[in-house]
**Student:** 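The structure follows.
Small disclaimer: the values here were computed from a predicted structure and weren't measured.
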Amino acid sequence: MFATLDQIFVLFKQWLVGLLPAGLQPVAGVLLCVVVIIGLFPGLFALTVLLERKGLARIQNRIGPNRAGPFGLLQPIADAIKSLTKEDIVPLSADGTVHFLAPLVLVVAVFMGFAVLPMGRNMVLVDMDASLLFFFAVGASTELSVFMAGWSSRNKYSLLGAMRAVAQMISYEVPLLMSSVAVVMMTGSLSLVKIVEAQNHYTWGLPHWYIFTPWGFAGFVMFAIAATAETNRSPFDLPEGESELVAGYFTEYSGFKFALFFLGEYLGMFSISGLGTTLFLGGWSAPFAFLGWVPSWIWFFGKLMLSICVFIWVRGTLPRLRQDQLMNFAWKFVLPMTLLNLFVAGLWRFLGDGWQRWVVCSAILVLAYVIVGRVEMRRQHVGPRSYRYAE
Amino acid sequence: MNIPFYLIAALTVLGGSAAVLLKNTVHCALALTIAFAGLAVLFLQLDAQFAGFAQILVYIGAVAILVVFAILLTRGSETPKDGVFSHTWLAGLAVAAAVFSVLGWAVLQSVPGLPYTPAAAPIVTVNDIGKALMGRYVLPLEIVAVLLTAALIGAVIVAMHEKEGTK
Amino acid sequence: MLGEGILKGLAETAKNFAGSFVSAERLTTVEYPEQRIAPIEATRVFPFLVYDGPEWEAGLRCVACQICEKECPPKCIYIEKSKDKKPDAVGKQQFYPAKFDIDVSVCMSCQICVEVCPFEAIKMDTEFELSTDDRFGGLLHDRKQLAKSNEYYHHIHPTEAAEVDARLAEEKAKAEAKAKAAAAAPKPAVPAAKPAAKPVEGEA
C-alpha cells in the first residue's frame with residue numbers, strides 16, 4: 001500500500017504511456033515528465049510568492065496580502081493576470097532581438113536543471129552519470145542571459161545590475177562547486193541518484209545524511225551561502241538592489257517578460273534548494289528510519305519548501321551587503337573554507353570508522369572558522385567610507 | 001551521419017561565421033556562444049558527457065562571460081565608424097589559413113591511424129576520466145595546473161602594480 | 001564570533017513572526033478601507049482654497065495675486081485673474097481668480113504655496129483619497145472643488161486655523177483703526193498719515 005503510494009506517479013506514468021503505441025512510448029514518457037515539471041514548478045512558484053509576501057509581512061509585523069480570496073490565497077492568480085495583461089514595453093534604443101531572447105534563455109536554462117534532480121524514489125527525468133556537472137553547466141548559462149538582459153536594455157541601471165550579477169555569480173560559483181565536490185569525493189559519483197542512495201542508510205534509526213558529518217555541515221553552510229548569492233537573494237541581492245538600481249538587469253522589462261524573469265529567479269531558487277537537499281539533506285530519504293513508509297516525494301518537497309522558508313527568513317532578517325564586502329566574503333572567507341573542507345573531507349575518508357575522525361575533522365574546521373572569523377572581524381573598521389580617487 | 005548532426009553542425013558553423021562577420025562586438029561574442037553551445041551538443045551526441053558539460057561550464061559559463069566583460073570594460077562595444085576590418089586582414093587571413101591547414105593535416109593524418117571499430121564505442125564514465133587524469137595523465141595535468149597558477153599570480157601582480165603606484 | 005549577529009537577527013525576526021500571530025498589538029498596520037487611523041493634525045496632502053461666510057464664490061480669500069503660481073516648484077497651479085473687482089474679506093476692492101486649477105498628479109505636497117500666500121487663502125487639506133478613473137480632467141481640480149469653508153479648516157487643523165484667524169482679526173482691526181484715523185483727521189492727514197501707516201506695513 002505505502003509502496004504503491006510512494007511510486008504512484010511512476011506507476012501512473014507507466015500506465016499512461018502504456019496506452020500509446022510502442023514506437024511512441026519513449027518520447028511520450030519523456031514529454032510527460034517534462035510537462036509535469038513545467039507545470040509543477042511554476043505552480044510552486046505561485047505558492048512561494050504568496051508564502052514569501054505573507055512571511056515577510058509577519059516578520060515586519062504586518063498582515064500581508066489578504067484581499068484576493070480567503071487569506072489572500074488567490075493573490076498569485078491576480079498577479080498572473082495582471083502581468084499577462086500589462087503592456088509589453090521595449091525601449092526604443094534597446095537591442096530588440098537580444099532583449100527578447102534574454103528572458104527565454106534564462107527560463108529555459110533554469111528549467112533544464114530540474115531534469116536531473118531526483119524528486120523521489122525512481123522519480124528522476126534523466127539519470128545520467130554526470131548529472132551534477134550537467135546541473136552546474138546549465139546553471140552557468142543563466143549568467144549569459146542576465147548579461148544579455150542588462151546589455152540589450154541600453155540603460156545604465158540595467159547594465160550596472162548585469163555587471164554586478166555576473167561578477168557575483170562567477171565569484172560564488174566557485175565555492176558552490178567546491179562545496180559540492182566534497183560530496184562527490186565521498187560518494188565517488190557525480191550522479192545525483194547515487195548521491196541520494198549513498199545517504200539513504202540508517203544507524204540506530206538515524207540517517208546518514210552528509211549534513212550530520214563535520215565536513216558535510218561545513219559544506220552545507222558554505223553551499224547555502226553560495227546558493228543564496230547565486231540566486232541573487234537577499235542579503236546578496238545587489239544586482240537588483242531596488243534602492244540603488246531600480247530593478248537591476250530587468251529594469252527595462254515589463255509585463256510578461258518581467259514575469260518570466262521573476263519566474264526564472266524563483267525557479268533558480270527551487271532548483272538550487274533541490275540540489276542542496278539532494279547533496280546534503282539526503283534528498284528523498286526520510287529523516288528517521290521509522291518514517292520510511294511516508295512517500296519519498298513528500299520528503300523531497302518538504303525539505304525543498306523548508307529551505308525556501310529559510311531563504312525567506314534570511315531575506316526578512318539581513319540587510320544588503322556592499323559590493324566590496326560581497327567580493328571579500330566570497331574570495332577571502334567562503335572559498336578558503338571550502339578548500340579546507342575538501343581537505344577535511346579527504347581526511348575523514350582516510351581516517352576510517354571510529355570516533356577519532358569526528359574529533360580531528362571537527363577540531364580542524366572549528367579552529368579554522370574561529371581563526372578566519374577573528375581575522376575578518378579584526379580588519380573590520382567601522383567609520384566613514386574612504387575613497388581612492390574622489391579625495 | 002544523421003539529421004540532428006547536420007542541424008547542430010550547421011548551427012555551430014552559423015554561430016562561428018556570425019561571430020566573425022557581425023559588426024557589433026557584443027553580438028559577435030553572443031554568436032560565439034552559440035558556436036560553443038553547438039560544439040557542446042556535438043560532444044554530447046558522441047556520448048562524451050563529461051566533455052560536453054565541461055564545454056558548457058567552461059566556455060559558456062566562463063569564457064563567453066570573460067569575453068563580454070573584456071569588451072565592455074574596454075569600450076569595445078561601440079562599433080568603429082571606419083569598418084570593423086583591420087588593415088592587416090591579408091596577414092590575418094594568411095595566419096588563419098596556416099593554422100587551419102596544420103590542424104586539418106593533423107586530423108587527416110590521424111584518421112587512418114585509429115582502429116575503425118564503429119560498433120564497440122566504449123562507455124567512458126566520469127570515473128574513468130578521473131582515473132586517467134590522476135594516473136596516466138597526471139604529469140600533463142600538473143603542468144597545466146602550474147601554468148594556470150603562474151597566470152593567476154601574474155594577473156594578481158598586474159592588478160597590484162597599479163595600486164602601489166597610486167599610493 | 002563571526003556569524004553571531006546573524007543568529008541574533010534570525011532569532012529577532014522569528015520572534016516577530018511568531019509574535020504577530022499571538023499578540024494583535026504587535027501589528028502596526030490597519031486594514032485600510034474598513035479601519036482608519038485617527039486623523040493627525042499636521043497631515044498635509046493637497047492644497048485647498050479657504051472661503052469665509054456661506055457663499056464659496058463670494059467668500060474666497062484668494063485675490064489672484066499669482067504668487068503661489070509663480071512659486072510652485074512643479075508648476076501645478078494655473079490661475080486666471082478676473083477682469084472686474086469685488087470686495088474681499090476686509091472690504092477692500094480686489095481681483096479674484098476667474099480660474100484657479102491645481103493638478104493633483106503634478107502637485108508634490110510641498111506646502112510652498114501655503115507659505116508664500118500673503119492672504120491666508122490657500123491651505124493644505126488632509127483629504128488623501130483623490131484617485132479617479134479619469135486620468136486627465138478628473139485630476140485637475142478647479143476652484144469650485146478646491147474651495148472649502150473656514151469651518152472645515154478649523155475642523156482639520158484646529159490649532160493652525162485659530163492662529164490664522166487671530167492674525168486676520170488683528171489685521172482687520174488695524175485696517176479699521178487706520179480707516180477711522182484717516183476719517184477723523186481729514187485735511188492735514190497727508191503728512192501725518194504716512195508715518196502712521198508705516199509700522200502697520202512693517203508688521204504685516
**Student:** What part of Met163(A) lies closer than 4.5 angstrom to a heavy atom of chain B: side chain, backbone, both or neither?
**Tutor:**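 Backbone plus side chain of Met163(A), per the 4.5 Å heavy-atom cut-off to chain B.
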
**Student:** Could you tell me the separation between the OG1 atom of Thr33(B) and the CE atom of Met148(A), rounded to the nearest 0.5 Å?
**Tutor:**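 Rounded to the nearest 0.5 Å, the OG1-CE separation comes out at 8.5 Å.
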
**Student:** To the closest 0.5 Å, what do you measure between CZ (Phe50(B)) and CG (Leu190(A))?
**Tutor:**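 Phe50(B) atom CZ to Leu190(A) atom CG measures 7.5 Å (nearest 0.5 Å).
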
**Student:** Do Thr97(A) and His27(B) have side chains that get closer than 4.5 Å, going by heavy atoms?
**Tutor:**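 Heavy-atom side-chain distance check fails, nothing below 4.5 Å.
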
**Student:** About how many Å separate CD1 of Ile60(B) and CD of Glu143(A), when rounded to the nearest 0.5 Å?
**Tutor:**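 Reported to 0.5 Å precision, the distance equals 11.0 Å.
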
**Student:** Looking only at non-hydrogen atoms, find the nearest pair between Ala137(A) and Phe53(B) and report the distance.
**Tutor:**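 Of all heavy-atom pairs spanning Ala137(A) and Phe53(B), the closest is CB-O, 3.6 Å.
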
**Student:** Enter the distance from Leu133(A):CG to Ile56(B):CD1 here, rounded to the nearest 0.5 Å.
**Tutor:**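 Reported to 0.5 Å precision, the distance equals 9.0 Å.
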
**Student:** Who among Asn127(B), Val68(B), Val58(B) has the most heavy-atom pairs with chain A under 4.5 Å?
**Tutor:**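 Heavy-atom pair counts peak at Val68(B).
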
**Student:** Distance from Phe69(B) atom CZ to Ile170(A) atom CD1, nearest 0.5 Å?
**Tutor:**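 Taking CZ in Phe69(B) and CD1 in Ile170(A), the distance rounds to 6.0 Å.
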
**Student:** Can you establish whether the number of heavy atoms outside Tyr157(A) located under 6.0 Å from its atom OH is more than 12?
**Tutor:**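 Atom OH in Tyr157(A) is not crowded, with 12 or fewer foreign heavy atoms closer than 6.0 Å.
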
**Student:** Taking all non-hydrogen atoms of both residues into account, name the closest pair between Ala140(A) and Gly61(B) and its distance.
**Tutor:**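 Taking every non-hydrogen atom into account, CB-CA, 3.7 Å.
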
**Student:** Does Leu148(B), at its CG atom, have more than 12 non-hydrogen atoms belonging to other residues, nucleotides or ligands within less than 6.0 Å?
**Tutor:**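 Yes.
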
**Student:** More than 12 heavy atoms of other residues, nucleotides or ligands under 6.0 Å from OH of Tyr59(B): is that the case?
**Tutor:**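 No, not enclosed.
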
**Student:** Chain B heavy atoms under 4.5 Å from Phe147(A): which part of the residue, side chain, backbone, both or neither?
**Tutor:**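 Just its side chain gets close to chain B.
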
**Student:** Should we count CZ of Arg349(A) as having more than 12 external heavy atoms under 6.0 Å?
**Tutor:**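 No, because the 6.0 Å sphere around CZ of Arg349(A) holds 12 heavy atoms or fewer from other groups.
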
**Student:** A quick test of your reading: do over 12 heavy atoms of other residues, nucleotides or ligands sit less than 6.0 Å from CE of Met186(A)?
**Tutor:**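 Yes, enclosed.
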
**Student:** Using a cut-off of under 4.5 Å for heavy-atom pairs, which of Leu159(A), Leu177(A), Leu144(A) has the most such pairs with chain B?
**Tutor:**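 Greatest number of close heavy-atom pairs with chain B: Leu144(A).
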
**Student:** Rounded at 0.5 Å granularity, tell me how far CD1 in Ile65(B) sits from OG in Ser141(A).
**Tutor:**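 If I round to the nearest 0.5 Å, the distance is 9.5 Å.
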
**Student:** Answer yes or no: is there a side-chain heavy-atom contact under 4.5 Å between Leu57(B) and Glu173(A)?
**Tutor:**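 SC-SC contact between Leu57(B) and Glu173(A) confirmed.
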
